[in-house]
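Data first, discussion second: the structure below is written as structure tokens.
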Amino acid sequence: MATHLSPYSSTKFSSSHEIKAVSRFVVLPRKIGSLTRVPQYHPRIRTRKQFQLKSTNGHPLNAVSLQDGLDGSPLAREHVRPQDREDSSVFVSEAEKLESTLSITVVGASGDLAKKKIFPALFALYYEDFLPEDFRVFGYARTEMTDEELRNMISKTLTCRIDQRENCEDKMDQFLKRCYYHAGQYNSEEDFSKLDDKLNEKEVGKLSNRLFYLSIPPNIFVDVVRCASLRASSTKGWTRVIVEKPFGRDLESSRQLTRCLKHYLAEDQIFRIDHYLGKELVENLSVLRFSNLVFEPLWSRNYIRSVQLIFSEDFGTEGRGGYFDNYGIIRDIMQNHLLQILALFAMETPVSLDAEDVRNEKVKVLRSMKQLELENVIVGQYKGHSKGGKSFPGYTDDQTVPKDSLTPTFAAAALFINNSRWDGVPFLMKAGKALHTRRAEVRVQFRHVPGNLYRRNFGTDLDKATNELVLRVQPDEAIYLKINNKVPGLGMRLDRSELNLLYRARYPREIPDAYERLLLDAIEGERRLFIRSDELDAAWALFTPLLEELEEKKIVPEFYPYGSRGPVGAHYLAAKHNVRWGDLTDDS
Ligand SMILES: NC(=O)C1=CN([C@@H]2O[C@H](COP(=O)(O)OP(=O)(O)OC[C@H]3O[C@@H](n4cnc5c(N)ncnc54)[C@H](OP(=O)(O)O)[C@@H]3O)[C@@H](O)[C@H]2O)C=CC1
Ligand SMILES: O=C1O[C@H](COP(=O)(O)O)[C@@H](O)[C@H](O)[C@H]1O
């Protein structure tokens with residue numbers, strides 16, 4: 001009998017086949033006739049809704065890829081050489097394909113992110129019929145809990161955009177019936193074996209696909225990946241792992257983490273999440289640029305004077321001070337969320353919308369960036385402030401933050417891309433906590449109109465008359481373009497107006513949460529919105545020397561009051577590059 005290698009298993013056996021385990025690989029009997037060969041990207045197993053309609057790259061979505069895990073991990077390479085890949089497909093019957101099941105395990109289920117984002121997103125996907133017919137959700141954490149207690153916990157926090165919809169309660173009950181809990185240690189292979197037993201029990205011999213969401217602190221990522229991959233991988237079907245940030249603290253620790261993860265998983269089993277890539281407006285950035293003739297020709301140093309990536313929150317690090325103090329705003333927001341948006345904004349046109357083509361272009365632009373210099377960065381930290389009889393704590397008032405902490409809660413930076421398209425254009429980033437507003441946006445400031453015929457009508461400040469394109473990522477999603485026009489009447493007075501695509505006016509339905517899109521993509525095997533290891537490497541390579549310098553030189557942050565617009569240093573930084581921040585007023 002001919003045999004085939006499957007890359008998914010640890011040492012698990014399916015009762016329905018004579019399967020012999022070889023490390024993580026299972027030798028499957030080839031039964032020509034009743035079994036069919038599964039190509040690398042076969043039409044995906046149909047779930048309750050047509051996923052094709054929701055593909056985030058506009059292509060029919062990939063199949064349940066039974067090839068996941070074939071490349072990348074040393075273990076995979078040990079058994080399947082790339083040149084042999086064609087021959088290493090697993091043989092799975094049509095019936096099995098149709099009877100596949102999906103098990104999603106949320107590791108760290110007792111935590112903040114799981115309650116706030118992951119369970120609500122899963123419920124929203126279920127409500128909207130985007131999960132397969134046969135799926136279940138497992139919570140895993142150290143906290144002792146029964147299934148019922150997990151369900152109670154989830155139901156209390158299951159506030160999501162679906163709340164006001166029809167049948168929400170019935171749907172919630174049905175969803176909760178599919179939720180189970182298993183308590184265990186994060187470094188115990190035995191506990192993950194027990195989880196595997198429970199998963200097998202529910203999967204009842206079907207072709208099972210398993211998704212692990214690591215919603216845990218980063219110091220335990222590797223333990224969990226080891227235990228899950230060795231003891232709870234799917235023996236038939238794919239196993240994928242979503243990893244939450246932070247992916248390391250610097251270039252070296254990130255590489256170390258990648259090496260460790262790749263010891264147990266292939267790169268294409270690892271889904272490094274950056275939830276900003278799942279936000280509607282960030283998704284729309286490429287559409288706006290590449291599908292509108294009016295924008296694409298302007299997308300270069302010839303017409304763009306500066307690009308600004310702005311993130312602000314009107315609350316501090318309350319409750320997360322312990323985590324935050326070890327990272328700071330540059331690692332928390334700039335190195336990932338803002339840099340990812342920058343890469344999407346500035347990349348060259350990809351060959352296609354396929355994940356690898358898009359990610360290749362992002363890596364290229366990240367690697368073309370000029371080393372970030374301390375003189376192009378300012379850092380700040382919020383201090384306590386009283387306003388209207390209410391007092392707001394300073395960053396170091398948090399019990400979990402050292403009193404003498406120099407960790408920045410605000411930073412502004414000017415970055416440059418050394419390529420022909422962007423040479424000399426400042427990409428200004430600004431990110432801060434405890435500011436006057438919550439907002440995330442991309443601002444594109446265009447150059448002055450050469451020889452402007454209406455120069456006289458603008459007054460002395462020509463900057464005020466330049467076009468600006470704003471993508472407001474949140475809140476109140478919008479894309480607006482500031483233009484100059486004539487005030488109606490007999491005179492010739494010019495005005496600044498906005499061509500405004502306000503999402504809530506144009507599209508009255510709610511916008512899905514970023515976690516919904518990303519979870520759905522991970523289930524579908526669509527990797528475009530997840531970070532590849534070389535992208536991560538390039539991102540850390542850019543920021544690590546700066547972070548080290550800030551720490552070595554013990555740069556003291558500029559203090560700013562809680563609820564203010566942040567340190568004035570940010571304005572000097574912009575002025576040094578001959579531009580102004582576009583968000584100077586609330587209605588800008
Ligand atoms: N919360 C958020 O808004 C965001 C979080 N993230 C990232 O997502 C991940 C999860 O975040 P969040 O839910 O806030 O994290 P939590 O601190 O709430 O931790 C999640 C769970 O992990 C377990 N845990 C916590 N600390 C430890 C520890 N030192 N050792 C072992 N287990 C521990 C706890 O479960 P138990 O004790 O039951 O085992 C806890 O419920 C983190 O990597 C975080 O950086 C990313 C973006 C936003
Ligand atoms: O990753 C993070 O993001 C949140 C902000 O996310 P948003 O979707 O609410 O804008 C931020 O508060 C947190 O510090 C950071 O770790």
Side-chain angles (χ1 to χ4, degrees), residues 105-121 139-145 149-150 153 157 181-188 191 195 212-225 227 241-249 257 271-282 309-341 395 400 407-411 431-435 437-441 472-477 511-518 531:
T105 303
V106 181
V107 183
S110 55
D112 181 57
L113 185 73
K115 287 185 230 171
K116 228 171 47 187
K117 292 287 183 186
I118 305 170
F119 290 120
Y140 186 102
R142 296 171 306 181
T143 303
E144 287 298 335
M145 247 193 271
E149 283 166 336
L150 174 81
M153 183 195 90
T157 52
Y181 186 75
H182 183 73
Q185 297 299 318
Y186 298 112
N187 59 0
S188 163
D191 289 347
L195 169 71
F212 291 86
Y213 197 123
L214 305 198
S215 181
I216 42 174
N219 57 317
I220 49 177
F221 284 170
V222 177
D223 278 337
V224 170
V225 165
C227 296
V241 180
I242 300 182
V243 190
E244 260 296 347
K245 67 182 257 276
F247 314 116
R249 269 194 98 248
L257 177 63
F271 288 70
R272 296 178 193 82
I273 202 165
D274 183 316
H275 75 279
Y276 265 63
L277 291 182
K279 296 203 183 244
E280 189 62 43
L281 266 278
V282 177
L309 303 131
I310 301 175
F311 167 96
S312 58
E313 277 181 342
D314 55 0
F315 49 90
T317 60
E318 298 96 309
R320 288 185 80 212
Y323 150 80
F324 192 87
D325 201 59
N326 194 24
Y327 288 89
I329 199 79
I330 298 176
R331 292 183 177 92
D332 193 46
I333 303 293
M334 282 189 169
Q335 181 271 349
N336 35 72
H337 303 328
L338 296 190
L339 192 64
Q340 281 297 319
I341 301 178
Y395 173 65
T400 57
T407 300
T409 58
F410 176 100
K433 301 238 171 209
L435 294 173
T437 189
R438 175 175 174 264
R439 193 191 275 197
E441 60 192 11
R472 192 164 62 219
V473 175
Q474 66 189 31
D476 213 7
E477 292 83 347
I511 293 176
D513 187 78
Y515 281 86
E516 291 171 42
R517 187 191 310 278
L518 294 169
I531 317 293

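One-based numbering, in listed order, for ligands and for the atoms of each.
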Subject >> Stepwise side chain to side chain contact (heavy atoms under 4.5 Å, CB included) check, M334 with F311 >> reply: CA-CA 9 Å; M334 282 189 169; F311 167 96; over 6 Å; no
May I ask you to identify the nearest protein heavy atom to [atom], giving residue, atom name and distance to one decimal place in Å?
| atom | value |
| --- | --- |
| atom 6 (O) of ligand 2 | H275 NE2, 3.0 Å |
| atom 9 (C) of ligand 1 | I216 O, 3.5 Å |
| atom 4 (C) of ligand 2 | E313 OE2, 3.9 Å |
| atom 48 (C) of ligand 1 | L113 CD1, 3.9 Å |
| atom 7 (C) of ligand 1 | K245 O, 3.3 Å |
| atom 41 (O) of ligand 1 | S110 OG, 2.7 Å |
| atom 10 (O) of ligand 2 | Y276 OH, 2.4 Å |
| atom 9 (O) of ligand 2 | R438 NH2, 3.8 Å |
| atom 38 (O) of ligand 1 | T143 OG1, 2.3 Å |
| atom 6 (N) of ligand 1 | E244 OE1, 4.0 Å |
| atom 8 (O) of ligand 2 | K279 NZ, 2.6 Å |
| atom 23 (C) of ligand 1 | Y186 OH, 3.5 Å |
| atom 3 (O) of ligand 1 | K116 NZ, 2.7 Å |

**OP:** For A141, counting its heavy atoms only, list the atoms of ligand 1 lying under 4.0 Å from any of them.
**Re:** 38 (O), 39 (O)
**OP:** Provide the number and element of each atom of ligand 1 under 4.0 Å from a heavy atom of I220.
**Re:** 31 (C), 32 (N)
[atom]: which of [options] has the nearest heavy atom?
| atom | options | value |
| --- | --- | --- |
| atom 1 (N) of ligand 1 | N187, V243, D112, N336 | D112 |
| atom 22 (O) of ligand 1 | A114, G111, P217 | P217 |
| atom 5 (C) of ligand 1 | H337, R320, R142 | R320 |
| atom 1 (O) of ligand 2 | E244, K116, K245 | K245 |

**OP:** Given side chain to side chain contact (heavy atoms under 4.5 Å, CB included), test E244 with I273 step by step and report yes or no.
**Re:** CA-CA 6 Å; E244 260 296 347; I273 202 165; 3.4 Å; yes
Per-atom contacts, ligand 2 versus [X] - under 4.0 Å to a heavy atom:
| X | result |
| --- | --- |
| D332 | 13 (C), 14 (O), 15 (C), 16 (O) |
| H337 | 1 (O), 2 (C), 3 (O) |
| K433 | 11 (C), 12 (O), 13 (C), 14 (O) |
| R320 | 13 (C), 14 (O), 15 (C), 16 (O) |
| Q474 | 7 (P), 10 (O) |

**OP:** Using a distance threshold of 4.0 Å (strictly less than), state whether atom 17 (O) of ligand 1 has a protein heavy-atom neighbour.
**Re:** no
Subject >> Under-4.0 Å heavy-atom contact between protein and atom 29 (N) of ligand 1 >> reply: no
Subject >> Plane angle bin for Y140 and H182 - parallel if under 30°, tilted between 30 and 60°, otherwise perpendicular >> reply: tilted
Would you say [X] and [Y] make side-chain contact, with heavy atoms under 4.5 Å?
| X | Y | result |
| --- | --- | --- |
| R331 | P246 | no |
| D191 | Y186 | no |
| Y327 | T317 | no |
| I242 | Y515 | no |
| I511 | L281 | no |
| T400 | D325 | no |
| M153 | F119 | yes |
| N336 | Y276 | no |

Subject >> Electrostatic pair R517-E280, nearest N-O below 4.0 angstrom >> reply: yes
Subject >> Any residue meeting salt bridge (charged side-chain N to carboxylate O under 4.0 Å, His left out) with D332, in chain and number order, not counting sequence neighbours >> reply: K245, K433
Subject >> With D314 via side-chain hydrogen bond (donor to acceptor under 3.5 Å, both in side chains) - residues at least two apart >> reply: none
Original post:
Is F324 near ligand 2, meaning one of its heavy atoms is under 4.0 Å from it?
Top reply: no
